[in-house]
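Both ligands and their constituent atoms are indexed starting at 1 by order of listing.
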Amino acid sequence: MTVKKYEGSAGGWGALLSTTKHLVKSENVSRNIRNLLKTNQDKGFDCPGCAWGESEEKSRFRFCENGAKAVNWEATSRRVTPEFFQQHPVSWLTQQSDYFLEYQGRLSHPVQYNRETDCYEAVSWQQAFMLIAKHLNTLEHPNQAEFYTSGRASNEAAFLYQLFVRKFGSNNFPDCSNMCHEASGIGLKQAIGVGKGTVTLEDFEHADAIFVFGQNPGTNHPRMLDTLRQASRRGAAIVTFNTLKERGLERFTNPQSPKEMLTDGSTQISQCYFTPKLGGDMAVVRGMVKALFVIDNAELDAGRSSLFDQTFIAEHTQGGAEYLKAVEATPWNEITEQAGLSQSEIEQAAAIYRQSKRVIITWAMGITQHKHSVKTIQEIANLQLLFGQLGRQGAGLCPVRGHSNVQGDRTMGIDEKPSAAFIESISSAFDFQAPLASGHNTVEAIKAMLSGESKVFIGLGGNFAAATPDTSLTQRALSSCSLTVNIATKLNRTHLVPGQDSLILPCLGRTDVDMQASGAQSITVEDSFSMVHASAGVVESDIGEMRSEPAIIAGIAEATLGKQPIDWSWVIEDYSRIRDLIAKAIPGFTGMNRKIKQPGGFYLGNSAAERQWQTASKKAEFIQHDLPVHLLPANLRELSNDPVFVLQTMRSHDQYNTTIYGFEDRYRGISGERKVLFVNEDDIAALGMENNQLVDIESLWPDGVERKVFGFKLVAYDIPAGNIAAYFPETNPLVAIDGKGDLSDTPISKAIPVVLSTAVLKSNKIDIVSA
Ligand SMILES: Nc1nc2c(c(=O)[nH]1)N[C@H]1C(S)=C(S)[C@@H](COP(=O)(O)OP(=O)(O)OC[C@H]3O[C@@H](n4cnc5c(=O)[nH]c(N)nc54)[C@H](O)[C@@H]3O)O[C@H]1N2
Ligand SMILES: Nc1nc2c(c(=O)[nH]1)N[C@H]1C(S)=C(S)[C@@H](COP(=O)(O)OP(=O)(O)OC[C@H]3O[C@@H](n4cnc5c(=O)[nH]c(N)nc54)[C@H](O)[C@@H]3O)O[C@H]1N2
Ligand SMILES: [Mo]
């Protein structure tokens with residue numbers, strides 16, 4: 001392993017070289033280059049990398065380095081066949097790293113686990129569907145099954161899936177969003193009546209300032225960097241709040257700009273870069289509002305007009321006065337202590353905000369994976385409401401979504417707490433009573449499987465065993481099921497935790513040609529900006545027995561329910577038939593088949609952006625919360641006499657969630673290792689430890705369970721004292737199942753209380769990644 005400070009800008013030659021390296025490694029160079037050229041083009045496929053939108057601008061290249069990795073690794077010619085499984089029993093595969101599992105290539109045949117041989121063995125699709133139907137139809141209650149979804153599923157697949165599950169009788173839809181932007185959905189729905197972002201990509205061209213909270217676009221949304229670069233170049237102020245100095249937010253060289261590439265130039269991204277403590281962002285925003293309120297009072301005293309948009313506040317909002325009273329009552333020392341920033345730093349940020357007529361605020365996992373995430377998001381909304389930054393061009397709220405269709409899946413009804421209106425709409429469109437009672441989210445699903453209440457797990461994509469909290473408990477939950485089913489492109493950890501019966505069903509990915517009775521099909525997705533557009537795969541390769549996700553869901557549904565409430569096989573012949581059903585049942589999708597023919601697709605609209613408030617009061621709500629009493633609650637601090645650190649678990653530059661592409665975290669200067677722990681230099685000294693030494697990490701939770709991971713290398717890093725950072729999923733065993741966000745139930749993956757000790761040479765039972 002090497003640690004070497006990265007001095008360059010983000011992007012640039014490093015990104016280009018890495019793209020080329022991954023092209024070569026995936027053994028299909030020319031075909032893959034052809035694929036890249038089709039990424040995010042009107043007639044190509046939607047990049048499975050992230051949910052950032054596409055500009056209208058005609059450019060030949062619409063992929064980024066990390067999108068290229070996602071495309072290449074999906075389009076590999078390697079195959080995991082029944083022969084592979086015959087040679088490799090599950091107990092042997094369990095010992096292999098996630099990198100190894102991913103590298104074996106695409107799953108090619110449906111397989112069923114045989115307990116006697118400990119191997120997966122080939123089954124026919126029909127046998128697989130019948131086995132699932134048998135398990136589902138013998139449950140005492142439909143709520144004894146869990147139907148997980150990861151955010152790559154298309155609108156068509158997600159729609160059929162939810163229709164099947166609701167007709168079956170359940171709302172048990174745990175999904176990746178429960179671990180991701182759940183808090184954004186809940187927080188915004190209460191505040192502005194819609195749980196989605198209010199801006200479009202075009203708004204970024206008009207913003208005077210963009211505030212970026214808790215997000216690492218250089219790695220996770222590289223195409224966003226180009227948007228930020230353009231904004232910066234035309235003079236918009238970009239202000240970043242991130243616990244770490246992420247290079248992509250400092251400066252960026254656009255690999256698609258010949259001039260920058262040839263002159264070694266780069267664009268400064270953030271005008272100001274603040275490094276608050278983990279979880280300190282609510283205090284930051286509270287401080288900004290406090291600073292602005294003081295100026296507002298002074299302006300009014302001097303007989304000048306208010307800083308705030310008083311017309312907007314009066315006409316469109318309620319609760320503003322109470323909120324400002326609470327802001328006034330919050331003392332500066334509480335704010336600065338919690339934010340980890342000085343009053344003057346916060347005032348500096350407030351000054352930029354004040355000078356900017358049009359402000360966009362973006363955020364991702366650094367905001368959503370805390371105990372007080374919903375509160376923080378509502379604090380951000382409060383700030384924007386004071387200045388009327390909703391329904392104004394170049395302004396608004398922008399939660400930057402993760403998986404490429406996670407937002408679309410929710411729109412299609414992958415929602416364990418569907419609204420009464422949604423249920424009414426499905427019920428009347430398909431002439432049956434869909435269930436009204438809430439189903440299980442991810443944490444509830446794990447608990448239900450663990451207690452034996454739920455007996456069947458079906459995963460539409462994703463890697464449940466690795467992505468969820470409390471790894472050993474989750475694995476116990478899965479293995480105590482009577483049936484586990486995984487619909488997947490690649491082999492992963494979850495497939496190695498079979499229930500009594502277990503199936504792996506291989507599916508086509510975004511890049512593959514999807515051939516059905518009426519010809520090649522396209523599917524649709526929705527990006528972070530509520531744009532719905534079509535995507536059609538271009539890769540024609542040896543697909544073995546793979547089937548499309550819609551076809552697999554239809555097969556399961558038909559075996560379980562017969563032709564109810566629709567003729568499942570008939571709609572699969574031509575996906576425009578599925579879209580006609582979507583148009584019939586989901587608001588905003590009338591004429592879907594026609595509208596997706598428009599270049600760039602169609603905009604679903606956003607009521608808050610039109611200043612229509614779908615809240616109980618029909619106004620936008622200022623929602624007031626007190627700051628957390630302490631970022632590290634006393635009951636947790638008191639669990640150890642050793643210094644307690646707050647750990648954030650994040651992504652390296654070389655992974656896609658639980659998929660590990662390699663061992664480089666280029667911009668953080670790490671190479672050849674993933675078991676690293678980023679710690680402040682002074683903290684290392686205070687612990688009496690040394691840079692590069694190995695430590696064990698134990699998390700603290702008042703339930704008496706030992707949660708520990710072993711052998712992480714200390715890396716002295718520019719990070720606030722008391723805060724540390726490591727990669728997920730290696731650290732998921734540390735997240736206690738009950739360590740979750742208030743109101744959102746999202747695991748607190750960015751706020752895990754831990755203590756460190758010198759490593760005893762022991763390896764984890766579930767040491768899920770090694771080089
Ligand atoms: N290449 C690639 N692209 C991806 C993914 C991937 O794994 N790989 N995953 C996709 C998915 S599902 C998602 S959700 C997104 C995730 O995108 P991100 O949210 O960017 O993902 P993380 O790596 O979790 O990064 C969290 C960032 O927030 C900062 N941070 C953490 N805690 C705090 C805090 O309390 N306050 C502040 N101000 N900052 C904080 C961290 O330092 C880090 O920069 O990316 C999507 N795109
Ligand atoms: N500690 C910690 N835990 C976290 C996070 C964190 O920041 N820290 N982040 C959370 C977040 S934001 C998220 S979104 C979740 C992600 O949780 P998941 O979505 O469950 O996990 P992924 O790693 O994205 O899933 C990868 C698997 O999906 C399958 N796959 C890939 N493409 C397709 C496809 O087109 N169709 C199908 N059917 N399968 C496909 C492959 O088999 C692959 O192995 O993890 C969460 N967990
Ligand atoms: Mo995510």
Worksheet item: Looking at ligand 2, does any of its N/O atoms fall within less than 3.5 Å of an N/O of Thr731?
Response: no

Worksheet item: Are Tyr575 and Ser548 close enough that a side-chain donor and a side-chain acceptor fall under 3.5 Å?
Response: yes

Discussion item. Does this structure show an ion pair linking Glu74 with Lys490, if we count only N-O contacts that are shorter than 4.0 Å?
Written reply: no

Worksheet entry | Candidate list Thr243, Leu647, Leu244, Ile670, test side chain to side chain contact (heavy atoms under 4.5 Å, CB included), partner Phe678, passing option | Ile670

Discussion item. Counting only nitrogen or oxygen atoms and a 3.5 angstrom limit, does Asn463 reach ligand 2?
Written reply: yes

Worksheet item: If you count the atoms of ligand 2 from 1 in the order shown, which ones are under 4.0 Å from a heavy atom of Gly461?
Response: 37 (C), 38 (N), 39 (N)

Worksheet item: For ligand 2, which atoms have a heavy atom of Cys507 less than 4.0 angstrom away?
Response: 36 (N), 37 (C), 38 (N)

Response to the item:
ligand 2 atoms nearer than 4.0 angstrom to some heavy atom of Tyr148 are 17 (O), 18 (P), 19 (O), 20 (O)

Practice prompt. Any salt bridge (Lys or Arg N to Asp or Glu O under 4.0 Å) involving residues 362-373? Give me the pairs, sequence neighbours left out, ordered by first then second residue.
Written response: Lys371-Asp742

Worksheet item: Could Lys675 and Phe712 be counted as a cation-pi pair, given that NZ or CZ must be under 6.0 Å from the ring centre and within 45° of the axis?
Response: yes

Worksheet, complete the sentence: Counting only non-hydrogen atoms and a 4.0 Å cut-off, the residues near ligand 1 are Gly49, Cys50, Asn66, Cys180, Gly214, Gln215, Asn216, Thr219, Asn220, His221, Phe241, Asn242, Thr243, Leu244, Glu246, Pro276, Leu278, Gly279, Asp281, Ala364, Met365, Gly366, His370, Gly402, His403, Gln648, Met650, Arg651, Gln655, Tyr656, Asn657, Lys750

Fill in: Arg223/Asp226 salt bridge by N-O under 4.0 Å criterion
no

Worksheet, complete the sentence: The salt bridge (charged side-chain N to carboxylate O under 4.0 Å, His left out) partners of Glu156 (sequence neighbours excluded) come to Arg579

Item to complete: Show which atoms of ligand 2 fall inside a sub-4.0 Å distance from at least one heavy-atom site of Glu549.
Response: 34 (C), 36 (N), 37 (C), 38 (N)

Worksheet entry | Residue pair Ser404 / Arg510, side-chain donor-acceptor N/O under 3.5 Å | yes

Discussion item. Looking at Tyr656, I'd like to know if the NZ or CZ of Arg152 sits under 6.0 Å from its six-membered ring centre while staying within 45 degrees of the ring's axis.
Written reply: yes

Response to the item:
In ligand 2, the atoms that come under 4.0 Å of a heavy atom of Asn492 are 27 (C), 42 (O), 43 (C), 44 (O)

Item to complete: For ligand 2, find out whether one of its N or O atoms is nearer than 3.5 Å to an N or O atom of Thr468.
Response: no

Practice prompt. With sequence neighbours excluded, tell me which residues meet salt bridge (charged side-chain N to carboxylate O under 4.0 Å, His left out) with Asp718.
Written response: none

